[in-house]
Structures are given as structure tokens and as C-alpha cells.
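Here's the structure, in C-alpha cells; my notes come after.
Worth saying up front: this structure is predicted, and the values here are computed from it rather than measured. Remember, it's 1-based here, ligands and their atoms both numbered in the order they're listed.
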Amino acid sequence: EETYDEECDYLFKAVLIGDSAVGKSNLLSRFTRDEFRLDSKPTIGVDFAYRNVRVCGKTIKAQIWDTAGQERFRAITSSYYRGALGALLIYDITRRQTFQNIKKWLSELRGFSSPDTVVVLVGNKSDLQQSREVDEEEGKSLAELEGLYFLETSALQNQNVEEAFLSMIERIH
Ligand code: GTP
Ligand code: MG
């Protein structure tokens, strides 16, 4: 594993947002440590993890912040978003409410971050096809309407997780 003081050309901050239990923490642990837990606990406060990525011959150290979806466990909103150049806006394809709340998350994000923050809309838990409540087309349409990138992922099956984070990271520099 790469260490903190390894030479890097850029360091940037990205944030994960979305309702509780959509899979933010598991997407992060899958991307940074290739770990997944079925019994993970809700995040309290803020957590973060790093991963170095090579883009166009440069090493980018991505510092990815994760907070609680539940209001009562959340970190101070303004400091969470401060300096973020990228965001993954995550919902759970098996719970329509989490998709409906995307508009709320997006307006908070836009209120606290810079207008050029790269935003990727992510429909997680694509492995649970039989419980699907949000069609892939709905995610695509919302992303088009709001000018976001879009992907469906599965942290459990490790599908499109790499692609979701990299599509954000590669567009930042
Ligand atoms: P908060 O910290 O409360 O905001 O939740 P969170 O968004 O971080 O969710 P978390 O990663 O803790 O995952 C919540 C639950 O969903 C856990 O039981 C995970 O195992 C499960 N989960 C996460 N991603 C997936 C996935 O891709 N597929 C399936 N089937 N379950 C998942
Ligand atoms: Mg969490």
C-alpha cells in the first residue's frame, strides 16, 4: 500500500453524499481497500480515506471524505464541503426515497461547493435487481437534466466502483 508521504503531483478532496444506508462507506472501502461489509454500521461524524491514482503520467492523491446520511450524525456541513473538487452523489436503486432526495443533496452541494466541482450521480446496489425501485433510465435522465455524470454500481459485487471514482478523479485536474 502507498504511504502518506509518497511523492504526489496533486492532492485533492472529494466528498460522498446521499441518504443513510445507500452504501457510501462501502463504496469508499471498496475503492480504497477492496473491502466490503454486509454488517457495516452507520457513519458517525466524518471519516476519510486516500487513494493514489495515476492520471496522464501524474500521481493524484485523492482524499475522499465520507459522512453520515443521518442528519443527527452529520459533521458540520460547511467544513465538510470546503475545498471539495469532486462529489459522488449516491442513491440506492432499491429505495425510491433515496433517489427523490437527490435533489435535496444536490442543492446542498451547490450551496456549499464551487460551481466547477465535478459531480457524479451514482445508483448503488445494482446487484439487487429483483428489488429495484428506480430504473436506470431515470438515473440517466436526472443526470442529463442536472449536467452530471451517471453510473450504476455495486459495492458488493465490485461493479463499476473503480469507474465511478475514476470518472470523477480524471475530470478534476
Ligand atoms: P450512513 O453511514 O448511515 O450514511 O450509510 P452509508 O451510506 O455509509 O451505507 P453503508 O456503506 O454503511 O451501507 C449500508 C448497508 O448497505 C450495509 O448493510 C451494506 O452492506 C449495504 N450495501 C452497501 N453497498 C451495497 C451494494 O452494492 N449491494 C448490496 N446488496 N448491499 C450494499
Ligand atoms: Mg457510512
Side-chain angles (χ1 to χ4, degrees), residues 12-51 62-84 86-113 117-140 142-143 146 148-169:
F12 72 69
K13 172 179 172 179
V15 293
L16 304 182
I17 50 176
D19 282 3
S20 187
V22 297
K24 297 180 295 298
S25 300
N26 275 281
L27 285 165
L28 182 60
S29 65
R30 179 62 87 186
F31 180 65
T32 57
R33 303 191 300 273
D34 199 17
E35 281 175 20
F36 177 86
R37 295 181 65 95
L38 263 178
D39 63 344
S40 68
K41 295 200 172 61
T43 304
I44 294 176
V46 188
D47 189 14
F48 55 87
Y50 292 94
R51 187 170 140 187
Q63 180 192 59
I64 302 156
W65 293 46
D66 177 25
T67 189
Q70 291 181 63
E71 193 62 45
R72 64 197 168 118
F73 294 147
R74 289 192 74 197
I76 297 167
T77 307
S78 58
S79 54
Y80 187 67
Y81 288 106
R82 187 172 302 126
L88 293 189
L89 192 54
I90 304 156
Y91 65 93
D92 174 348
I93 68 152
T94 72
R95 285 183 297 141
R96 175 158 292 275
Q97 187 62 53
T98 68
F99 180 67
Q100 283 160 348
N101 286 341
I102 285 294
K103 278 201 177 359
K104 183 201 89 174
W105 289 109
L106 192 56
S107 84
E108 181 178 283
L109 173 70
R110 287 185 169 147
F112 284 98
S113 65
T117 300
V118 176
V119 186
V120 180
L121 179 66
V122 174
N124 189 41
K125 309 198 187 180
S126 62
D127 54 286
L128 298 176
Q129 288 300 332
Q130 70 288 359
S131 321
R132 181 187 280 278
E133 288 186 358
V134 183
D135 288 336
E136 189 165 7
E137 286 308 316
E138 296 178 83
K140 255 184 216 161
L142 178 64
E146 298 288 351
L148 318 172
Y149 303 99
F150 173 70
L151 279 167
E152 281 195 353
T153 58
S154 169
L156 183 147
Q157 294 183 334
N158 197 8
Q159 268 179 12
N160 268 349
V161 176
E162 197 78 5
E163 288 80 355
F165 281 94
L166 293 182
S167 69
M168 171 182 71
I169 292 167

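Note that CD of E152 and CG of D135 are 9.0 Å apart. Values are rounded to the nearest 0.5 Å.
Judged purely by atom type and a 3.5 angstrom limit, R30 has no side-chain atom pairing as donor or acceptor with the backbone of V161. Under a 3.5 Å cut-off, the side chain of T94 and the backbone N or O of S131 do not form any donor-acceptor pair. Of the possible polar contacts, none joining the T67 side chain to the V46 backbone as a donor-acceptor pair under 3.5 Å is found. Checked by atom type and distance alone, the side chain of T117 pairs as donor or acceptor with a backbone atom of A84 at under 3.5 Å. Between the K13 side chain and the R82 main chain, a donor and an acceptor come within less than 3.5 Å of each other. In terms of modelled atom types and a separation under 3.5 Å, the side chain of N26 and the main chain of R37 share a donor-acceptor contact.
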- prompt: How far apart are the C-alpha atoms of D66 and K24, what are their side-chain angles, what is the distance that settles it, and do they pass the salt bridge (charged side-chain N to carboxylate O under 4.0 Å, His left out) test?
  reply: CA-CA 7 Å; D66 177 25; K24 297 180 295 298; 5.4 Å; no
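Below 3.5 Å of separation, one finds an N or O of L156 facing an N or O of ligand 1. Checked by distance only, ligand 1 and P42 stay at 3.5 Å or farther apart across all their nitrogen or oxygen atoms. By the 3.5 Å distance cut-off applied to N or O atoms, T43 is counted among the residues near ligand 1. Considering both main-chain and side-chain atoms, Q70 never comes within under 3.5 Å of ligand 1 through any nitrogen or oxygen pair. Residue G18 has no N or O atom closer than 3.5 Å to an N or O atom of ligand 1.
Here the heavy atom of the protein found nearest to atom 9 (O) of ligand 1 is G23 N, 3.2 Å. Residue, atom and distance of the protein heavy atom nearest to atom 22 (N) of ligand 1 are K125 CE, 3.7 Å. The protein heavy atom nearest to atom 5 (O) of ligand 1 is A21 N, 2.8 Å. Of the protein's heavy atoms, S40 OG, 2.8 Å lies nearest to atom 12 (O) of ligand 1. The protein non-hydrogen atom at the shortest distance from atom 3 (O) of ligand 1 is S20 OG, 2.7 Å. Protein heavy atom in closest approach to atom 27 (O) of ligand 1: A155 N, 2.8 Å. Nearest to atom 24 (N) of ligand 1 among the protein's heavy atoms is N124 ND2, 3.1 Å. Annotation: atom 18 (O) of ligand 1 to nearest protein heavy atom, L38 O, 2.8 Å.
Under a 4.0 Å N-O distance rule, the pair R132/E138 does not qualify as a salt bridge. At a threshold of 4.0 Å, the pair E71-K104 does not count as salt-bridged, since none of the basic side-chain nitrogens sits closer than that to a carboxylate oxygen.
When each atom of ligand 1 is checked for a heavy atom of G69 under 4.0 Å away, the hits are 1 (P), 4 (O). Against a heavy-atom cut-off of under 4.0 Å, K24 is close to the following atoms of ligand 1: 1 (P), 4 (O), 5 (O), 6 (P), 7 (O), 8 (O), 9 (O), 11 (O). Shown in contact with D127 at under 4.0 Å from a heavy atom are these atoms of ligand 1, numbered in order with element: 26 (C), 27 (O), 28 (N), 29 (C), 30 (N). Listed by number with element, the atoms of ligand 1 under 4.0 Å from a non-hydrogen atom of S154 are 27 (O).
At a cut-off of 2.8 Å, S25 is counted among the residues with an N, O or S atom near the Mg ion (ligand 2). At least one N/O/S atom of T43, whether from backbone or side chain, sits less than 2.8 Å from the Mg ion (ligand 2).
Neither the backbone nor the side chain of F73 has any atom closer than 4.0 Å to an atom of ligand 1 (non-hydrogen atoms only). Using a 4.0 Å cut-off between heavy atoms, L27 makes no contact with ligand 1 at all. Only the backbone of R37 comes within 4.0 Å of ligand 1, judged by heavy-atom distances. Of the heavy atoms in A68, only backbone atoms (N, CA, C, O) come closer than 4.0 Å to ligand 1. With a 4.0 Å cut-off on non-hydrogen atoms, L128 touches ligand 1 through its side chain and not its backbone.
Counting non-hydrogen atoms of neighbouring residues, nucleotides and ligands closer than 6.0 angstrom, the OH atom of Y149 reaches no more than 12 such neighbours.
Pairing each heavy atom of L142 with each of L121, the nearest pair is CD2-CD2, 4.1 Å. Annotation for A155 and L27: closest pair CB-CD2, 3.8 Å, computed over non-hydrogen atoms.
Ring orientation note: the planes of F112 and Y81 are close to parallel, at an angle under 30° on the 30°/60° scale.
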